[in-house]
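First comes the structure, then the notes that go with it.
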Amino acid sequence: MHGLMMDTPLLISWIARHAERNFPNREIVSITMDNPSHRYTIGECIQRARKLANALDRLGLSRGDRIATLAWNDYRHLEAYYAIGGAGYVCHTINPRLFPEQIVFIVNHAEDKWVMTDPLFVPLLEKIAGSTPNVAGYIVMTDDAHMPKTTLRNAISYEALIADESDSYDWPDFDEREAVALCYTSGTTGNPKGVLYSHRSQVLHAYGSAMADALGLSNRDTMLPVVPLFHVNAWGVPYAALMVGAKLVFPGPKMGDGETLYRLMEAEKVTIAAGVPTVWLGLLQYMDKAGKRLTTVERTVIGGAAVPESMIRAFRDKHDVVVMQGWGMTEMSPLGTVNSLKASQLDLSPDEIIKIRVKAGRGIFGVEMRIVDDEQNELPWDGDKAGALQVRGPWVCSDYFKLEGSAGSHTGDGWFETGDVAKIDPDGFLQITDRTKDVIKSGGEWISSIDVENVAVGHPAVAEAAVIGVAHPKWTERPLLVIVRKEGEDVSRDELLAWLDGKIASWWIPDDVVFVDDIPHTATGKIKKIELRKQFADYRLPTA
Ligand code: ADP
């Protein structure tokens, strides 16, 4: 027997309607390419999104057509999210840090009909326009006064496009399972793969991420997403923030600038921020140098890569900010776990709490996790046994766009293979030990490169650390530690090995240390271990 409840479709246009009705005066502050301090309200944002939706309808698009965006975090990009998705098109966010050949691949693969771009990326698009012939035109996200001269076909400024449009628009009703957004994984191997989010998945993800034990987002928050709108929908913040009416602060092109981030946080009274560890490293370094302290930020959500203990301590001890580590991936919208303490952990000592905080967190309702061994047997949550991590839930991808059935990404019983290796403790806290591809197997046992890296970056002279497996005649593989020193700092091989001694299992201590000027990164800022392994493929360890 079915229940007698309404089947109201979960569409992101509902979030727009709800936000406009309930929080019309809540502010959205942006740095943009053409304005260092733009300020308006949620009400104005949705009003302009309706104008844009009218303009898009006039371009002769069909339901489900992809419209690409190549833009930083600011109010126009947010309007595009709601206009494109709300009108029934698909917002395909593109990471401008990808190689031009990758951008060509994904624009063509996604069959983008129009491209919306920041003026900054116009030269990049001009170079590849010949290779993306199916794009009908380009909307440059600025006004006519700041419109660059361009050879892009049918180029028009955003403000000119919407200027004469009506601001009344009836958001269409349709099946909540229709697609709303598309984001390609950066693809360290092979071509990027498209993750196609549905309205339903994004509305549920917004509910889930706003929960108190997840981001705990509320109307009283001011949120600074330093995680880009061009990657995994900025962790869903644009949807969750408007769902609760949090004030939004967008850093625009200044995402990597510690000084600007600090200024914005203080001036706008930011209470919660979100970003990858690299961003916070820059902010912490700036604040240390300038002798500044955060006075309004209560918590930061940090994920996308393991968060070093030293970073969690610096935020806590110097700024009274709680670091909530999160884990997830593009294929998971992205949120899987968030590190928030359980009732039974509240009275632990600060040092015991740090031991919990370095873990990736516990699963939020909406994502089920399991770890399995090589034979697919489920492993216990004992905090000891590590296995391949698999997930399922309504905001986890069921396949990749136009690769249906051929990507081999799911198990026979429908779980998604994350490609991560992890342990889960009896309290349900997940600890990522490696990517499956990056695992170091020494004498048949796994060494967690992430654990070793975390301890290494805790050394005051170390800017960045990576551990890779290098061939060894006796142990098959042994770890090699690759180090980037902080500017003006010095540290020797032996000092680093002594630093690790006692902090990790003795047989995890790398067999050697090499110093490099920089470590290669992917477009989402992750260490490219494949490249490092290539670089050191012939490296002879002193123990070999
Ligand atoms: P891509 O860089 O390919 O776009 P994602 O942005 O989806 O990939 O990154 C997902 C991956 O990032 C995860 O599978 C995991 O390996 C890593 N990751 C994310 N959060 C954490 C974390 N808290 N600790 C360790 N690794 C993490």
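Atoms within each ligand, like the ligands themselves, are counted from 1 in listed order.
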Would you kindly say whether Tyr286 and Asp257 are connected by a side-chain donor-acceptor distance under 3.5 Å?
no
Verify the distance criterion only: is there a donor paired with an acceptor across the side chains of Arg177 and Ser198 at less than 3.5 Å?
no
Could you check whether any heavy atom of Pro334 sits closer than 4.0 Å to an atom of ligand 1, since that is the contact criterion I want to use?
no
Distance-only donor-acceptor check, side chains Gln102 and Tyr184, under 3.5 Å:
no
Are any of the N or O atoms of Trp327 closer than 3.5 Å to those of ligand 1?
no
Under 4.0 Å from a heavy atom of Gln325: give me the atoms of ligand 1 that qualify, with their elements.
22 (C), 23 (N), 24 (N)
Criterion side-chain hydrogen bond (donor to acceptor under 3.5 Å, both in side chains) on Ser449 and Lys529, from CA distance to verdict:
CA-CA 11 Å; Ser449 62; Lys529 294 238 174 134; 3.2 Å; yes
Among Gly361, Gly326, Ala360, Gly303, which one puts a heavy atom closest to atom 23 (N) of ligand 1?
Gly326
Using distance alone, decide if ligand 1 has a nitrogen or oxygen within less than 3.5 Å of any nitrogen or oxygen in Arg435.
yes
Do Arg485's NZ or CZ and the ring of Phe515 fall within the cation-pi criteria of under 6.0 Å and 45°?
yes
Is it true that His231 lies under 4.0 Å from ligand 1, counting heavy atoms only?
yes
Check whether any heavy atom of Gly304 sits under 4.0 Å from an atom of ligand 1.
yes
Regarding atom 6 (O) of ligand 1: of the candidates Met329, Lys528, Lys526, which has the closest heavy atom?
Lys526
Are a donor atom and an acceptor atom from the side chains of Trp327 and Asp420 found within less than 3.5 Å of each other?
yes
Polar atom proximity, Asp420 to ligand 1 (N or O, under 3.5 Å):
yes
With Asp425 as reference, evaluate Lys359, Arg362, Lys385 under the salt bridge (Lys or Arg N to Asp or Glu O under 4.0 Å) test and give the passing residue.
Lys359
Polar atom proximity, Thr330 to ligand 1 (N or O, under 3.5 Å)
yes
